[in-house]
Amino acid sequence: MPKLKTLLVHTDPEVRAALREILAEVHFIQVLGEAATAFEALEMLEAIPYGVFFVGTELTGDASGIEMAQMLAGRKNKPALVFISDSENQAYAAFELGATDYLLWPPAPGRMARTMDRLQTFKSKFREVPPPAAYPDDQDADPGHDELTVKLPLPEDEQDSFLAALKSAWDQTANRRPEIEKLAVTQDGRTILIPYDQIIFVEAFEDYSYVHTANQKFLSSYRLKNLEDRLEPHRFFRVHRKYLVNLDMVTEIASMPGSNFMLRTAGRTRIELPISRRRIAELKKIIGL
């Protein structure tokens, strides 16, 4: 019988050990790994299609269990989340993010059985992404044999024109792609579209990034490099390895001791960001200094 692959995400090894002991008795659960931080868990999820995370609300590292749930909110195939906590303070936020359960630790007698009932219901709906399979016609074929490979009997002198036609068709398709000058981020289970001109700056955060507006910051699943490629044509500039700035929001550039520079951005609260030395020359050209 297929089992739900389970990851234990908690800072306390004693809690993880206790969970292992409890879950070893559950016939439809298979514990496959442990993690102490949110980012360890997300990396493991890339390799293993976990069905359940038992996750502490407070984790070591830069992201809490609740923030990890926000990162997972946009995934199509995401694991069930059973939060472990010593207080009820974050229960509302957890269930708003689609938690399957929220366990006060250590659980009261009989309480874990209710969690298992909820996971049984989740299991009946959960479908793992199947591994790639060969096409039916290829199943009996020798993998090293190429007799079934589709070949185009194209004369050599026509290959260049054929490839050029393919490239042209691809370019036209790419040009038809609609572009919207808004960035989609997931927050509290909702997808929010942030207009580019409302973004003040973007801050690198491991494999993710924080998008800062005048009133709020949003955790984005994009790397800073991805956002640099996307936003640079819209007057954004990488001033530092950690920061990408909307130049329309810059109000002041100041010299600092040691030949360093600092820029200030607009907003309710002025924010000072460093400028790396190798970036300052290019920035001066852009602003005409």
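When reading the values below, keep in mind they use all heavy atoms of this one structure, side chains included, and skip hydrogens, waters and symmetry mates.
- In this structure, Pro107 and Met112 approach most closely via the heavy-atom pair CG-CE, 4.3 Å.
- Remark: His212 engages Phe201 in a ring pair (Phe, Tyr, Trp, His ring centres under 6.0 Å) (not counting sequence neighbours).
- Proximity of Lys3 to Ile29: side-chain heavy atoms (C-beta onward) are nowhere separated by under 4.5 Å.
- The pair Glu228-Arg223 does not meet the salt-bridge criterion, since no charged nitrogen lies less than 4.0 angstrom from a carboxylate oxygen.
- The environment of Arg20 atom CZ is dense: over 12 non-hydrogen atoms of other residues, nucleotides or ligands sit within 6.0 angstrom.
- Ala38 is linked by a side-chain contact (heavy atoms from CB on, under 4.5 Å) to Leu59, Ala63, Met68, counting only residues two or more places apart in sequence or in another chain.
- Every residue meeting the ring pair (Phe, Tyr, Trp, His ring centres under 6.0 Å) condition with Phe205, not counting sequence neighbours, appears here in chain and number order: Phe39, Tyr210.
- Residue His10 holds its NE2 atom at 9.5 Å from CD of Glu58, rounded to the nearest 0.5 Å.
- Scanning both residues, Ser87 and Tyr102, for their nearest heavy atoms gives O-OH, 2.8 Å.
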- Evaluate the side chain to side chain contact (heavy atoms under 4.5 Å, CB included) criterion for residues Leu23 and Met116: first the C-alpha distance (whole Å), next the side-chain angles of each, then the deciding distance (0.1 Å), finally the verdict. CA-CA 9 Å; Leu23 297 176; Met116 294 305 117; 3.8 Å; yes
- Item | Derivation and outcome, side chain to side chain contact (heavy atoms under 4.5 Å, CB included), residues Arg235 and Tyr196 | CA-CA 10 Å; Arg235 300 173 60 79; Tyr196 290 168; over 6 Å; no
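- Of all heavy-atom pairs spanning Thr11 and Ala36, the tightest one is CG2-O, 3.7 Å.
- In this structure Arg264 satisfies the salt bridge (Lys or Arg N to Asp or Glu O under 4.0 Å) test together with Glu252, Glu272, sequence neighbours excluded.
- Minimum interatomic distance between Leu104 and Asp86 (heavy atoms only, all atoms of both residues): CD2-C, 4.1 Å.
- Checking side-chain atoms of Glu67 against main-chain N and O of Ser64 turns up a donor-acceptor pair under 3.5 Å.
- Here the CD atom belonging to Gln70 is positioned 12.5 Å from the OG atom belonging to Ser220, to the nearest 0.5 angstrom.
- In this structure, CD1 on Ile200 lies 13.0 Å from CG on Leu244, to the nearest 0.5 angstrom.
- Ser209 places a side-chain N or O within 3.5 Å of a backbone atom of Tyr222 that can act as its donor or acceptor partner.
- Looking only at side-chain heavy atoms (C-beta outward), Val250 and Val245 come within less than 4.5 Å of each other.
- Taking OG1 of Thr60 as the reference point, atom CG of Asp12 lies at 11.0 Å (rounded to 0.5 Å).
- Side-chain contact between Leu224 and Asn226 is absent, with no heavy atoms from C-beta onward closer than 4.5 Å.
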- Should Val52 and Leu119 be marked as a side chain to side chain contact (heavy atoms under 4.5 Å, CB included) after you check the CA-CA gap, both sets of side-chain angles, and the distance that decides it? CA-CA 8 Å; Val52 186; Leu119 287 177; 4.0 Å; yes
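- Arg279 and Tyr243 form no side-chain donor-acceptor contact under 3.5 Å, judged by distance and modelled atom types alone.
- The salt bridge (charged side-chain N to carboxylate O under 4.0 Å, His left out) pairs that include a residue from residues 106-116 are Asp101-Arg111, where partners are two or more places apart or lie in different chains.
- When all heavy atoms are compared, the tightest approach of Met44 to Glu34 is SD-O, 3.7 Å.
- Glu25 and Glu21 get closest at one heavy-atom pair: CG-O, 3.9 Å.
- When Ile199, Val202, Leu183, Ile194 are each tested for a side chain to side chain contact (heavy atoms under 4.5 Å, CB included) with Phe218, only one passes: Ile194.
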- Would you check, one step at a time, whether the test side chain to side chain contact (heavy atoms under 4.5 Å, CB included) holds for Phe83 with Leu103? CA-CA 6 Å; Phe83 283 94; Leu103 271 176; over 6 Å; no
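- Partner Val82 forms a side chain to side chain contact (heavy atoms under 4.5 Å, CB included) with one of Leu19, Val55, Thr6, Thr115 and no other, that one being Thr115.
- Residues Asp197 and Asp248 have side chains not in contact (no heavy-atom distance under 4.5 Å, counting atoms from C-beta outward).
- Between the NZ atom of Lys78 and the CG atom of Leu97 there is a distance of 8.0 Å, given to the nearest 0.5 Å.
- Within a 6.0 Å sphere centred on CD of Glu232, heavy atoms belonging to other residues, nucleotides or ligands number 12 at most.
- With sequence neighbours left out, Lys225 forms a salt bridge (Lys or Arg N to Asp or Glu O under 4.0 Å) with Asp229.
- Here Leu231 contributes atom CG and Phe237 contributes atom CZ; the two are 14.0 Å apart, rounded to the nearest 0.5 Å.
- Looking at Phe54 and Val9, their side chains never come closer than 4.5 Å, going by heavy atoms from C-beta outward.
- Between Ile253 and Met262, every side-chain heavy-atom pair lies at or beyond the 4.5 Å cut-off.
- The shortest side-chain heavy-atom distance between Leu45 and Phe53 falls under the 4.5 Å cut-off.
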